[in-house]
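Worksheet for the structure shown next.
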Amino acid sequence: MADEEKQYEFLAIEKKWQKFWEEEKTFRAEDKSEKPKFYALDMFPYPSGAGLHIGHPEGYVASDILARYKKACGFNVLHPMGWDAFGLPAEQYAIKTGTHPSVTTQANVDNFRRQIKSIGFAIDWDREINTTDPKYYQWTQWIFLKLFQRGLAYVAEKPVWWCPNLLAVLANEEVVDGKSEVGGHPVERRNLRQVVLRITAYAEKLISGLDELDWPNSTKRQQKAWIGRSEGAEVQFGIDGMDHKLKVYTTRPDTLYGATYMVVAPEHQLLEKLVIPEKKDEVKAYIELAAKKSDLDRTDLAKDKSGVFTGSYCINPVSGEKVPVWVADYVLITYGTGAIMAVPAHDERDFEFAEKFGIPIKRVITRTDGDEEKSKLPYSGPGVMINSAEYDGMDANVCKDKIITDLETKKIGKGTVNYKLRDWIFSRQRYWGEPIPLVWVTLDNFEKAMDTPGEVRELLPEEPVTSEKEGETFYALPIPPTELPLELPEVEKYHPSGTGESPLATIPEWLNIWFDLNTGRSVSQIEPKPEGDNWVSATRETNTMPQWAGSCWYHLRYIDPNNNEHLVDPKKEAYWGAPDFYIGGAEHAVLHLLYARFWHRFLHDEGVLAQPEPYKKLFHQGLILGEDGNKMSKSVGNVVSPDLVINAYGADSLRLFEMFLGPLEAVKPWSEKGIEGVHRFLKKVFREANSTEKHLTTEEKDPDTLRLLHETILKVTESIEDLRFNVAISQMMILANHLQKVETFSVETIKVLLQLLAPLAPHLSEELWEKVGGTPSIVNQPWPKARKELLVSDEITIVFQVNGKLRGEGKFSKETTKEEIIATAKEHEKVLAFTTGKEIVKEIYVPGKLVNLAVRG
RNA sequence: GCCCGAGUGGCGGAAUGGUAGACGCUGCGGACUUAAAAUCCGUUGCCAGUAAUGGCGUGAGGGUUCAAGUCCCUCCUCGGGCACCA
């Protein structure tokens with residue numbers, strides 16, 4: 001018998017069923033269906049050259065389990081996959097080797113697809129998308145045009161990091177300690193022309209929309225903090241001896257009487273006028289110093305305040321007091337009005353500054369409880385007003401509103417809301433990204449465009465978008481949807497131009513065009529100018545979009561991946577709606593997840609989409625660490641490749657083990673020994689399903705097996721719903737251990753176990769399902785239902801406690817009354833040892849569980 | 001500094017306020033085997049005891065409760081986020 005025993009040939013089994021699913025299109029999602037829908041979405045990968053690492057599949061396995069489970073529960077399931085394939089690594093590889101990024105990207109995509117397929121996901125591959133496919137990015141460009149049309153895109157000079165050695169603009173993340181991450185070259189701030197999206201216009205909606213989302217609290221909090229809404233007031237301070245007013249923003253108008261000095265940011269536009277002649281040199285030196293400081297320096301030196309007195313004074317609008325105006329870099333030009341009233345008594349930073357420079361500190365709020373320790377300056381807690389003229393004695397919080405009202409009456413201030421959120425710098429001076437569909441023309445030609453009916457004019461925003469170049473102003477015109485996609489041209493060099501412009505700026509034949517103001521068509525200027533009055537000279541926008549653009553809306557394209565008429569068919573959007581489950585890393589909390597909400601809400605406001613929010617339910621899987629407990633990295637040498645794991649143990653073992661490691665959201669280390677454990681479990685299931693001599697009956701006769709089976713159905717079902725897959729697996733192990741021990745069990749029993757296991761270990765389950773006489777695919781079988789009446793056994797075990805400590809137990813029939821059980825407990829030998837000679841003051845009975853006797857004495 | 005989250009055996013981790021340590025790994029002992037692999041059986045929180053058993057035990061201290069890993073307060077450690085946003 002033993003030598004005939006079949007082996008668990010996982011590689012052959014997995015290959016067989018992957019082929020079956022692909023050929024049968026088992027996981028095709030139907031766009032029209034009577035069934036309820038379930039849309040499971042993964043954060044799609046960036047197909048890097050290194051291939052899939054063990055962390056990628058963790059989230060995919062989780063969403064796949066849900067997809068397969070929901071399918072068995074009768075849902076029409078959509079579980080798609082695609083590629084976020086624009087990005088820096090492919091471009092850098094191109095710079096090094098001269099290989100076109102599309103070539104490397106294609107090879108990487110093929111490798112990722114092979115790896116993902118080898119894990120056996122229930123993916124509808126007919127819906128595969130790729131952000132670098134012109135058929136895809138024409139719609140990314142289309143969304144940009146909408147934003148442009150509504151005035152939500154503009155062009156401005158913005159400070160960015162520039163590395164003179166690399167001749168490249170670097171992202172904040174690419175700058176470490178004032179040096180480039182690659183090569184360690186010094187970097188500097190440069191003002192460069194940037195295309196910017198007005199995400200700040202959506203600040204309020206992005207905050208209020210969070211309430212309706214089923215997201216991790218930490219992620220919601222992070223977005224809230226990032227948007228950084230604060231309520232306060234703008235107050236105008238007169239300047240002594242000048243007509244100008246200095247406008248400040250404060251969240252504490254109640255402390256207005258405590259303002260003993262003013263601060264303007266070094267970049268403030270009034271600063272030049274404020275500086276008296278004697279202070280000019282000192283202030284100028286300070287401004288230069290501040291300009292050189294990186295953001296990092298400013299942060300690092302946060303504890304050490306610096307600043308210079310301008311020589312000017314402001315007049316406090318309520319007290320009439322004269323207060324000095326300083327310039328200091330702890331005030332940021334980018335927030336509020338770039339100027340503050342400083343209240344050292346009630347603000348930590350102002351307090352520190354005032355102490356350092358000997359500026360008076362005036363308390364205007366006092367505690368009512370007289371707690372000296374807690375009321376030490378700087379004091380920012382609640383209290384009542386003092387030293388504040390007619391406001392004295394008022395509660396500070398009430399006073400806040402009162403002062404705002406009074407300032408508004410006197411027309412020297414108003415209640416204001418401010419946000420920390422900044423507009424989104426949307427342009428990259430790179431090759432490997434979506435071209436931005438704009439062209440630039442002179443004022444003459446822009447005015448002509450305004451007089452030319454057609455698609456171009458339709459898409460113009462109310463306020464023209466302009467950009468200065470060599471002293472001349474140029475005007476942006478849109479390339480209309482009929483001319484999309486605007487494809488990336490071929491170039492010979494992918495290296496940045498050296499002037500901070502995109503490599504696209506180095507291709508004159510692409511850059512300089514004849515543009516038809518009526519249709520938006522374009523022809524290179526190496527060709528003669530076409531006939532017709534509407535053709536004018538134009539230059540293309542050469543910046544490309546950031547990687548976030550394609551991922552802002554990909555969840556929509558899966559719904560309708562091949563539609564050339566619409567971004568997504570409204571009928572299909574109405575059916576599929578938003579993903580029911582979205583899983584990915586927490587690192588995108590304020591990047592992708594915020595940008596995507598912005599675009600989605602915008603498209604909703606435009607009437608393109610019915611749903612306002614893109615991702616209703618979000619989950620972050622935890623990191624999988626190396627076996628040594630460190631983050632997996634090439635340099636540490638602790639990276640585990642899924643390919644090797646699959647070869648050694650099979651995809652099912654990989655899937656199962658990634659889920660068995662611990663809670664899905666937890667950070668947990670990999671373990672080679674651990675995967676052997678789940679692999680053993682699968683082998684056990686394989687043996688028991690194959691030992692047909694044990695399957696004597698169709699229906700289960702053994703009451704213990706039957707009860708355990710239904711306990712398992714219940715627990716596995718609940719655990720899958722709660723995403724607690726480690727618990728589901730444990731329970732199935734308990735059942736498998738039981739089946740191994742008993743002499744016989746029914747075919748029904750093993751079939752149910754296989755169904756429960758199928759979402760987690762699909763290949764083995766399909767194989768064994770067929771073996772025990774089932775019809776493939778197992779995912780189309782209705783999910784087993786637990787029969788609750790079977791869960792209670794005839795004989796129940798009750799534990800006996802004395803003062804909460806376990807002292808004994810007894811077995812009872814399930815009909816035994818409470819009184820009988822308590823009486824038995826009281827007579828129990830070991831219980832008596834702890835109750836004799838003592839008074840029983842309370843008897844607790846928890847049905848089916850325990851008796852607790854509280855004793856005294 | 002501020003805001004979150006988490007601390008349970010040698011390890012990963014279970015435990016609707018109700019038998020702490022399920023399940024898996026590791027270690028130890030054994031069966032099968034010429035041997036190995038595979039598989040199976042037993043055992044594995046700490047202390048005392050030959051044993052039955054008793055005591056202790058969920059980061060530390062206190063509290064609520066018949067009963068606390070779970071709820072409340074204080075503190076410690078680790079992880080994450082934010083960081084001059086007035």
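Sequence lines set the chain letters: A, B, ... in the order given, protein chains first and strands last, and positions in each chain run from 1.
The CG atom of A:Asp347 sits 15 Å away from the P atom of B:rC2 (whole-angstrom rounding). Put simply, CD on A:Gln740 is 9 Å from C1' on B:rU39, counting in whole angstrom units. One atom, CG of A:Leu682, and another, P of B:rA38, lie 16 Å apart when rounded to the nearest Å. Atom C1' of nucleotide B:rA14 and atom CD of A:Gln731 are separated by 11 Å, given to the nearest angstrom. Protein atom CD of A:Gln801 is 7 Å distant from nucleotide atom P of B:rA20, rounded to whole Å. Here the P atom of nucleotide B:rC82 and the CG atom of A:Leu594 are 13 Å apart, to the nearest Å. Atom-to-atom, CD1 of A:Ile840 to P of B:rC66 comes out at 16 Å; the value is rounded to the nearest Å. The distance from atom CE of A:Met659 to atom P of B:rG24 is 19 Å, rounded to the nearest whole Å.
In summary, the side chains of A:Tyr419 and A:Glu204 do present a donor paired with an acceptor at a separation below 3.5 Å, with no hydrogens or angles considered. Judged purely by distance below 3.5 Å, without hydrogens or angles, the side chains of A:Asp423 and A:Thr200 pair a donor atom with an acceptor atom. Checking A:Lys631 against A:Asn638 by side-chain atom types alone, no donor-acceptor pair falls below 3.5 Å.
For the pair A:Ser230 and B:rA86, the criterion of a side-chain N or O lying under 4.0 Å from OP1 or OP2 is met. Phosphate contact (OP1/OP2 of B:rA67, side-chain N/O of A:Arg807, threshold under 4.0 Å): absent. Taking only side-chain nitrogens and oxygens, A:Lys683 comes nearer than 4.0 Å to OP1 or OP2 of B:rU39. Between A:Lys673 and the phosphate of B:rG24, there is no side-chain N or O to OP1/OP2 separation shorter than 4.0 Å. The shortest distance between the side-chain N/O atoms of A:Arg680 and the OP1/OP2 oxygens of B:rC25 is below 4.0 Å. The shortest distance between the side-chain N/O atoms of A:Asn217 and the OP1/OP2 oxygens of B:rG5 is not below 4.0 Å. Neither OP1 nor OP2 of B:rA86 sits under 4.0 Å from any side-chain N or O of A:Tyr330. OP1 or OP2 of B:rG24 has at least one side-chain nitrogen or oxygen of A:Asn737 nearer than 4.0 Å.
If you check B:rC82 for Watson-Crick or wobble pairing at under 3.5 angstrom, you find it paired to B:rG1. Within the shown strands, B:rA6 is the pairing partner of B:rU77 under the Watson-Crick or G-U definition, both distances less than 3.5 Å. The nucleotide B:rC23 finds its pairing partner in B:rG12, both defining distances of the Watson-Crick or G-U wobble pair being shorter than 3.5 Å.
Remark: A:Lys305 is positioned above the aromatic ring of A:Tyr330, its terminal NZ or CZ atom under 6.0 angstrom from the ring centre and at most 45 degrees off the axis.
Heavy atoms of A:Ile844 sit under 4.0 angstrom from at least one base atom.
Using a 30° and 60° split on the angle between ring planes, A:Phe357 and A:Trp326 fall in the tilted class, from 30° to 60°.
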